[in-house]
Amino acid sequence: TVPVPTTYQLRERGLSNVPEYTTPQELLDTYCIARSLMATASGVPDHQRAARVLVKDYVVGRLLYCHAPPTLADKPEAHTEFQRESIQTSMKGTE
């Protein structure tokens with residue numbers, strides 16, 4: 001079995017307060033602010049440019065996107081464990 005990270009370990013890697021976005025607009029707003037993607041004239045977040053960057057990063061493979069195996073669909077605790085393992089794998093080598 002894979003060891004479950006402690007709250008301290010998650011907090012240390014910045015994963016204790018991972019936001020859950022409710023709309024694509026919120027995701028793009030946050031991404032624009034984090035990457036300083038603002039419109040030059042008005043200073044508002046440039047959603048078109050951010051969306052293009054996100055899609056490009058996804059296509060190139062810079063963004064991790066994993067589907068849980070179909071056998072885990074009926075087991076929420078196993079699905080949670082799969083997500084935890086995916087995060088652990090993605091964070092290896094980022095220190």
Side-chain angles (χ1 to χ4, degrees):
T1 62
V2 174
V4 177
T6 64
T7 306
Y8 173 76
Q9 290 170 328
L10 290 173
R11 193 177 317 120
E12 190 176 60
R13 290 183 179 245
L15 298 174
S16 61
N17 294 323
V18 176
E20 294 200 17
Y21 301 102
T22 56
T23 65
Q25 175 119 9
E26 289 177 6
L27 171 66
L28 290 174
D29 282 341
T30 304
Y31 188 81
C32 287
I33 292 168
R35 302 288 180 190
S36 299
L37 297 174
M38 303 294 179
T40 55
S42 60
V44 297
D46 190 352
H47 293 150
Q48 289 183 349
R49 194 163 116 207
R52 278 189 246 119
V53 170
L54 284 172
V55 169
K56 181 181 176 187
D57 287 349
Y58 175 76
V59 169
V60 172
R62 290 186 203 141
L63 295 178
L64 175 69
Y65 184 74
C66 297
H67 286 285
T71 56
L72 297 181
D74 300 333
K75 305 172 191 169
E77 62 279 345
H79 190 269
T80 302
E81 182 63 24
F82 176 80
Q83 288 178 332
R84 187 181 323 274
E85 289 176 20
S86 296
I87 290 173
Q88 286 177 338
T89 303
S90 68
M91 295 302 291
K92 285 183 182 175
T94 59
E95 297 175 359

Less than 3.5 Å apart, which donor and acceptor atoms pair up between the side chains of residues 45-53 and the rest of the protein, not counting sequence neighbours?
residue	atom	partner	partner atom	Å
Asp46	OD1	Arg49	N	3.4
His47	NE2	Asp29	OD1	2.5

Side chains of residues 33-43: which donor-acceptor partners sit under 3.5 Å, not counting sequence neighbours?
none

task = Sequence neighbours left out, what passes side chain to side chain contact (heavy atoms under 4.5 Å, CB included) with Val60? Give chain and number order.
result = Lys56, Arg62
